[in-house]
Amino acid sequence: MKIVVPVDENKLESSVCFSFGRAPYFLIYDTEAKTGRFLSNAAAASQGGAGIKAAQAVVDSGATALLTPRCGENAAAVLKAADVKLYQTAAGSAMENVTAFLAGKLPPLGEIHAGFHGRGGR
Amino acid sequence: MRGSTAVGAGNGKVAVLSGKGGTGKTLLSVNLAAVAGGALYLDCDVEEPNGHLFFRPTDVREEEISVKIPTLDASKCTGCRKCVDFCKFNALALIRNKPFLFEEVCHSCGGCALVCPEKALGEKDKVTGRVQRGVSGDVAVHTGTLNTGEASGIPIIRNLLAGAAAEEKSFTFIDCPPGSACIVMESIKDADYCLLVAEPTLFGVHNLNMVYELVRIFHKPYGAVLNKCIGGENPAEAFCLEHGIPILGRIPFDSALGSLSADAKIAAREDAGFHALFSSLLENVREEVRRETASDPQR
């Protein structure tokens with residue numbers, strides 16, 4: 001399976017990005033091949049609808065799971081419709097979170113926030 | 001562009017704006033409309049219209065305002081993705097080979113339907129707000145209201161301005177939304193004159209500067225009204241003097257005025273002193289509008 005993590009830098013030891021829709025890169029990790037590649041997030045600079053566009057990129061990557069600290073409602077709607085499961089990241093690097101996920105240690109993402117919809121956020 | 005608007009002697013469209021809320025746009029535009037005699041008051045602050053609370057208009061006619069959003073005929077859609085790739089607002093996602101619309105992100109540009117090679121996308125109306133038109137004494141009161149959660153008040157403001165063009169009124173006062181974003185630009189685009197309301201603080205100067213820059217970009221004639229004036233130093237006044245902004249009037253920081261407003265009363269209709277204050281302000285506005293519309297507006 002393929003899993004996606006929003007990351008601040010395009011390396012496995014990168015920190016997990018606090019934002020999903022506006023993350024600079026996505027780590028797309030293939031659990032069978034045990035390799036990761038990085039996708040530049042074209043949605044990061046969008047004026048609006050970044051979460052929707054970022055979620056589209058996750059769906060298009062063929063991933064079935066997204067590991068993220070949080071997720072807005074529009075992005076979650078896209079991912080849910082495409083059967084991509086959401087998990088809550090913990091402290092540590094992107095790769096450490098991938099390892100934790102594979103060990104069954106990451107909980108499903110409980111809270112979906114209402115989104116910032118042009119109001120910036122943090 | 002000004003030539004398209006017939007402005008007779010002593011009338012015109014006056015937009016009242018400020019860089020932030022709570023500066024006194026509604027106080028000023030409501031009271032000016034109340035003393036002008038046969039004026040039109042347009043509440044373009046569609047996210048939070050409050051002029052009607054003062055005017056309490058009667059004989060109100062209501063009109064729903066709609067925008068177009070796309071509809072999908074799934075039997076024609078091949079999942080080619082052209083609509084999703086076209087949408088610069090990211091209002092469409094392709095899920096299980098079909099476009100999925102986020103209505104509140106859609107800006108009603110109609111582009112998705114144009115690029116669809118299968119003609120699978122149509123359009124339908126979506127109500128985003130309303131315009132109410134009533135009267136209060138000799139003032140025509142038109143109010144735009146955007147439904148909560150909707151992205152853009154601009155279609156409502158367009159309707160308000162189009163409706164204003166049909167009215168034969170001595171003066172039109174356009175109570176603008178706060179700030180200097182596109183919704184304010186839409187509100188002032190037909191104005192003959194812009195009144196900038198300013199508070200006597202450094203923060204007030206910052207906000208005054210925002211709208212000052214805006215009206216210059218739009219080549220609108222402008223003047224300032226200083227609100228909440230107390231004795232002593234007034235940074236907003238200093239800013240006006242420094243930039244050559246005509247000061248058309250001063251409204252005192254007065255508890256009686258505050259009390260009347262808090263009771264949703266129109267000060268100029270309740271109190272002879274305030275009637276005189278706003279009448280004198282109106283005369284200055286009238287003189288400025290007359291001068292500006294007679295001379296080159298591109299100052």
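In what follows, chains are A, B, ... by sequence order, proteins preceding strands, each numbered from 1.
Among residues at least two apart or in separate chains, there is no ring pair (Phe, Tyr, Trp, His ring centres under 6.0 Å) pair with a member in residues 52-86 of chain A.
Contacts with chain B (heavy atom to heavy atom, under 4.5 Å) involve no residue of residues 85-98 of chain A.
Annotation: side chain of B:Ile174 is in contact with side chain of B:Leu161 (closest heavy-atom distance under 4.5 Å). Between B:Leu17 and B:Ile188, some side-chain heavy-atom pair lies under the 4.5 Å cut-off. Under the 4.5 Å side-chain criterion, counting only non-hydrogen atoms from C-beta, B:Cys87 is not in contact with B:Cys112.
Under 4.0 Å is where a charged nitrogen must lie from a carboxylate oxygen, and between B:Lys68 and B:Asp125 at least one such pair does.
Aromatic ring pairs are classed by plane angle as parallel below 30°, tilted from 30° to 60° and perpendicular above 60°; the pair B:Tyr212 and B:Tyr222 is perpendicular.
Looking at A:Ala50, only its backbone comes within 4.5 Å of chain B, counting heavy atoms on both sides. For B:Phe102, the part lying under 4.5 angstrom from a heavy atom of chain A is the side chain only. Looking at A:Asp83, the atoms closer than 4.5 Å to chain B (heavy atoms on both sides) sit in the backbone and in the side chain alike.
Atom CG of B:Asp43 sits about 10.5 Å away from atom CD of B:Glu48, to the nearest 0.5 Å.
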